Amino acid sequence: MAMASLFISSSPSFTLPPKTYTKYQTAYFLKPFSLKAASTSVDQQPTISLADKQPSPFKAKSWQWKFQDKVLTIYYEEHGKESPEPTKNILMLPSISDVSTVEEWRSVAGNIVQRASKINWRAVIVDWPGLGYSDRPKLDYNVDVMEKFLTDFVSAPDGPMKHLGNDLVIFGGGHAPTITLCAAKKGLVKPAAIAAVAPTWAGPLPIVFGRDSTMEMRYGLLRGTLRTPGVGWMMYNMLVSNEKAIASQYKSHVYANPDNVTPDVVDSRIALTKRKGARFAPASFLTGLLDPVKSQEEFLELFADLDGKVPVLVVSTESSPKRSKAVMQALKGAKGVSRFVEVPGALLPQEEYPTMIAEELYRFLQENFEFNI
């Protein structure tokens with residue numbers, strides 16, 4: 001997704017000439033290139049109310065994920081209430097980006113689980129390894145790592161979601177639902193339903209510059225530089241981990257209404273980019289290593305493969321950047337998509353307009369579960 005078409009910039013439009021890379025021993029782009037924000041209208045966009053942004057109480061927990069020769073502490077949250085009604089579980093997966101965080105789903109989770117309904121909904125929100133509040137070791141992050149994590153989190157004998165079988169609903173933003181669809185196609189996870197909010201399959205540089213052999217070489221050099229000690233942090237701090245960069249990306253394409261980009265939002269996201277190891281997973285995301293598929297055709301095939309097997313909701317947004325919106329709009333009427341809706345917002349509607357997203361998601365839950373009781 002182009003959620004980071006600006007995540008590597010400090011302004012809505014900037015150019016990185018070759019001399020900049022030479023200065024930091026990173027001469028990987030042989031030509032200057034420019035990244036520009038998609039301009040979107042924010043007229044009549046709703047603003048966030050304080051009530052929208054106040055989540056219900058939740059339990060903060062951690063799980064020790066064993067991967068290769070490492071043990072990662074994975075942060076997750078449980079949202080729910082005591083109820084005599086039968087319980088059904090929702091796993092909420094944040095969008096993957098430099099500022100990926102469970103916080104984007106908190107208000108949605110609180111809204112859904114506090115409703116009086118025939119089903120006692122319980123929501124778990126988890127931070128991906130290398131992102132959010134989870135550990136961020138220096139791993140070779142790629143889509144296989146994320147798929148393995150999702151599979152283990154859902155089905156490991158010691159995992160937080162164990163023994164749920166086919167009783168799990170999965171909501172995700174950005175890359176997350178696409179990774180879920182890949183895992184479901186392989187039979188690694190068996191969700192009862194999937195909701196894809198502002199879904200995408202391409203990282204910020206590949207969606208803008210493509211994936212030919214020359215660009216892949218440049219991506220590899222960029223990725224390697226961001227991972228190096230000293231120089232990598234210097235570049236990451238210059239391009240991403242600063243107030244101007246974070247505010248710019250949120251105002252240009254992450255939120256639809258720049259008035260919703262408050263100092264608290266910016267400060268909290270800057271803090272995420274300052275965590276130990278913060279640049280490793282984003283370096284992979286930026287350069288396409290976390291892309292679950294390589295083409296729009298493959299993306300559509302993932303949905304088609306679940307046709308008639310699993311109900312799938314797609315939530316598109318009115319103010320997404322042009323390329324990201326094209327990815328979403330291609331799913332309108334596509335095989336395997338049970339329901340398609342378009343709402344105000346850009347690339348994080350679940351965070352910017354949580355009440356609206358909660359309404360759409362709850363309606364989807366009612367149609368597929370509660371009305372059948």
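Note that the structure is a prediction, hence the values are computed from the model and not measured.
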Inset, instruction - Applying side chain to side chain contact (heavy atoms under 4.5 Å, CB included), run through F58 and I125 and close with a yes or a no. - result: CA-CA 10 Å; F58 60 86; I125 319 172; over 6 Å; no

Exceeds 12 heavy-atom contacts within 6.0 angstrom, atom [atom1] of [X]:
X	atom1	value
D140	CG	no
E85	CD	yes
K274	NZ	yes
K335	NZ	no
K332	NZ	no

Measure across [X] and [Y] and return the closest heavy-atom pair with its distance rounded to 0.1 Å.
X	Y	result
V240	A245	O-CB, 3.4 Å
E352	G345	OE1-CA, 4.2 Å
I270	S241	O-OG, 4.4 Å
Y236	A278	OH-O, 3.7 Å
A195	P177	O-CB, 4.4 Å
M356	P344	SD-CD, 3.2 Å

Indicate yes or no: at least one non-hydrogen side-chain atom of [X] is less than 4.5 angstrom from one of [Y].
X	Y	value
K325	T317	no
Y250	L348	yes
F285	S100	no
S316	F340	yes
S95	Q350	yes
L72	S134	no
N257	Y353	yes
T178	T200	no

Legend entry - Y362 six-ring face occupied by R115 cation (under 6.0 Å, within 45°):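 Yes, R115 and Y362 form such a contact.
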
Inset, instruction - With sequence neighbours left out, write down each residue that passes side chain to side chain contact (heavy atoms under 4.5 Å, CB included) with Q64, or none if nothing qualifies. - result: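 Residues passing side chain to side chain contact (heavy atoms under 4.5 Å, CB included) with Q64: S62, V71, T73.
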
If you measure from [atom1] on [X] to [atom2] on [Y], what distance do you get to the nearest 0.5 Å?
X	Y	atom1	atom2	result
F209	M215	CZ	CE	6.0 Å
L302	E297	CG	CD	12.0 Å
E370	I119	CD	CD1	5.0 Å
K190	I170	NZ	CD1	13.0 Å
L286	D98	CG	CG	7.0 Å

Inset, instruction - Please check if Y141 and V143 belong to a single hydrophobic cluster, counting links between Ile, Leu, Val, Met, Phe, Trp and Tyr side chain heavy atoms closer than 4.5 Å. - result: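 Y141 clusters together with V143.
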
Inset, instruction - Indicate if L313 and F369 have the same hydrophobic cluster label, given that clusters are the connected sets of ILVMFWY residues with side-chain heavy-atom separations under 4.5 angstrom. - result: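 Yes, one cluster joins them.
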
Legend entry - V102 backbone acceptor or donor facing D127 side chain under 3.5 Å: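 Checked: pair present.
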
Inset, instruction - Please name all residues satisfying side-chain hydrogen bond (donor to acceptor under 3.5 Å, both in side chains) with T87, sequence neighbours left out, ordered by chain then number. - result: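 Result, side-chain hydrogen bond (donor to acceptor under 3.5 Å, both in side chains) vs T87: N120.
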
Legend entry - Member of R211, K294, R223 meeting the salt bridge (charged side-chain N to carboxylate O under 4.0 Å, His left out) criterion with E216: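 So, applying the salt bridge (charged side-chain N to carboxylate O under 4.0 Å, His left out) to E216 and each of R211, K294, R223, only R211 qualifies.
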
Legend entry - Side-chain ion pair, K70 and D135, N-O less than 4.0 Å: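 Answer for the salt bridge query: no.
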
Legend entry - Salt bridge flag under 4.0 Å for residues E351 and R269: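 Yes, this pair counts.
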
Inset, instruction - Verify the distance criterion only: is there a donor paired with an acceptor across the side chains of Y133 and E103 at less than 3.5 Å? - result: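 The criterion, which ignores hydrogens and geometry beyond distance, is satisfied for E103 and Y133.
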
Legend entry - side chain to side chain contact (heavy atoms under 4.5 Å, CB included) partner of H79, chosen from R106, R122, Q114: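 Exactly one pass, corresponding to R106.
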
Legend entry - W65 ring center near F149 ring center (under 6.0 Å):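 Yes, the ring centres sit under 6.0 Å apart.
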
Legend entry - Steps toward side chain to side chain contact (heavy atoms under 4.5 Å, CB included) verdict (I90, V113): CA-CA 10 Å; I90 307 168; V113 303; 5.8 Å; no

Inset, instruction - With side chain to side chain contact (heavy atoms under 4.5 Å, CB included) as the test, would you mind laying out the steps for F171 and V108 before giving the verdict? - result: CA-CA 11 Å; F171 296 163; V108 174; 5.6 Å; no

